[in-house]
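Single-structure report; data block below.
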2 protein chains.
Amino acid sequence: MDDRQALASFSALSQETRLQVVRTLVVAGQDGLAAGSIAEGLDVSPSNLSFHLKELGHAGLISQRRESRSIVYSASYDALADLVKFLMEDCCSGHPGIRASLERSEECCDGSTKSQEATVA
Amino acid sequence: MDDRQALASFSALSQETRLQVVRTLVVAGQDGLAAGSIAEGLDVSPSNLSFHLKELGHAGLISQRRESRSIVYSASYDALADLVKFLMEDCCSGHPGIRASLERSEECCDGSTKSQEATVA
DNA sequence: TCAATAGTACAAGGATCGTTGAAGTATGGA
DNA sequence: TCCATACTTCAACGATCCTTGTACTATTGA
């Protein structure tokens, strides 16, 4: 991931509604959610949500597909992982200990959504 | 880390000059760098840099101390690590596989700056 | 105390962002 | 074909952000 894309991603995530959208879609999983469902869940106007979805799309953090009348959005897990990596590389380059500190917080994956097993390649 | 702080951090990092400042300070290590050195390295006016340093300070991503005439800035590694964690929790909550994908990129810590050993607590 | 150095603070401007409401586009059913 | 549904696009406006230059503050040395 290059700086340009990282900047776009940070910018996209620096807005409350958009951060909530991403979280909602991440939790929703691969199936995604229709724009209407997201708007309802977050209590945002369709027009406003559409604006923010476009921003997230530009940053590459979400993708969309049409499904009958609805447009279904889903999180781009790869892009999110790339962003984590980008951030970690910037951290690590001066302070390797951070990785250790991160590895101690394994709980994040073992708790709530145990729907998919980790595909350790 | 709560949403408010994450939003502030993302916002701070969504600007090119500030991203470069953070990277510069991360590479500089615990000793930090004087404002003047940063300004020189990045070719930004003192006044403009000061503005961006304040933003980064508000977000908690850097800290400062006076040293004679200079004001020395350094990266807040804890805040950066918290941000990585925040992002990973949002990712993982729908997609545990990401952690695996991240663990495959260990190289990031083993390369360039081997100045400090990882303090695996 | 005076001058030089190192930064910060402030004001003004242009640029970008976020919200709103109204109008436009695609899909599906009667 | 006509209407309803599900979204998106557009224009307008206020709010915020970034840059620039000038003024101000703190520290040091003569």
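Just so we're on the same page: letters track the sequence lines, and every chain starts at 1. These values consider heavy atoms only, across backbone and side chains, with no hydrogens, waters or symmetry-generated copies. Just so it is clear, the structure is predicted and the values come from calculations on it, not from any experiment.
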Residue list, side chain to side chain contact (heavy atoms under 4.5 Å, CB included) with B/Ala8, at least two apart or on another chain: B/Ala59
query: What is the distance, rounded to the nearest whole Å, between atom NE2 of B/His58 and atom P of C/dT8?
result: 12 Å
field: salt bridge (Lys or Arg N to Asp or Glu O under 4.0 Å) partners of residues 64-74 of chain B, not counting sequence neighbours, each pair once
entry: B/Arg65-B/Glu67
task: Report the nucleotide, chosen from C/dT8, D/dC18, D/dA6, that has the shortest atom-to-atom distance to any side-chain atom of B/Ile71.
output: C/dT8
field: Min side-chain heavy-atom separation A/Phe10-B/Gln15 under 4.5 Å
entry: no
- prompt: Distance check: side-chain N/O of A/Tyr73 vs OP1/OP2 of D/dA6, anything under 4.0 Å?
  reply: no
message: In whole Å, I'd like the distance from the CD1 atom of B/Ile62 to the C1' atom of C/dT8.
response: 13 Å
message: I'd like to check B/Leu61 versus B/Ser76 (side-chain heavy atoms, cut-off strictly below 4.5 Å). Are they in contact?
response: no
Run the side-chain donor-acceptor check on residues 21-28 of chain B: report pairs under 3.5 Å with partners two or more places apart or on a different chain.
{"residue": "B/Arg23", "atom": "NH1", "partner": "A/Asp90", "partner atom": "OD1", "Å": "3.4"}
{"residue": "B/Arg23", "atom": "NH1", "partner": "A/Asp90", "partner atom": "OD2", "Å": "3.4"}
{"residue": "B/Arg23", "atom": "NH2", "partner": "A/Asp3", "partner atom": "OD1", "Å": "3.0"}
{"residue": "B/Arg23", "atom": "NH2", "partner": "A/Asp3", "partner atom": "OD2", "Å": "2.3"}
{"residue": "B/Thr24", "atom": "OG1", "partner": "B/Gln20", "partner atom": "O", "Å": "2.7"}

Taking distance alone, no hydrogens or angles, what donor-acceptor pairs closer than 3.5 Å link side-chain atoms of residues 33-50 of chain A to residues at least two apart or in another chain?
{"residue": "A/Ser45", "atom": "OG", "partner": "A/Asn48", "partner atom": "N", "Å": "3.1"}
{"residue": "A/Asn48", "atom": "OD1", "partner": "A/His52", "partner atom": "NE2", "Å": "3.2"}

- prompt: Do the side chains of A/Phe86 and B/Leu87 get nearer than 4.5 Å, heavy atoms only?
  reply: no
Close side-chain approach of A/Lys85 and A/Met1, heavy atoms under 4.5 Å: no
N/O to N/O distances under 3.5 Å, protein versus nucleotides 27-30 of chain C:
{"residue": "C/dT27", "atom": "O2", "partner": "A/Arg69", "partner atom": "NE", "Å": "3.4"}
{"residue": "C/dG28", "atom": "O4'", "partner": "A/Arg69", "partner atom": "NE", "Å": "3.2"}
{"residue": "C/dG28", "atom": "O4'", "partner": "A/Arg69", "partner atom": "NH2", "Å": "3.4"}

message: Which residues pass the salt bridge (charged side-chain N to carboxylate O under 4.0 Å, His left out) test with A/Asp2, not counting sequence neighbours?
response: A/Arg4
- prompt: Could you state the CD-C1' distance from A/Glu55 to C/dC17, rounded to the nearest angstrom?
  reply: 8 Å
message: Quick one: does any side-chain atom of B/Ser11 pair with a main-chain N or O of B/Leu7 as donor and acceptor, under 3.5 Å?
response: no
field: Stretch residues 4-17 of chain B: residues that reach within less than 4.0 Å of DNA chain C through a heavy atom
entry: none
message: Any residue in residues 39-54 of chain A with a heavy atom nearer than 4.0 angstrom to DNA chain C? Just list them by number, or reply none.
response: A/Ser47, A/Asn48, A/Phe51, A/His52
task: To the nearest Å, give me how far apart CD1 (A/Ile38) and C1' (D/dC7) are.
output: 12 Å
message: Quick check for you: to the nearest 0.5 Å, what is the distance between B/Ile62 atom CD1 and B/Leu56 atom CG?
response: 4.5 Å
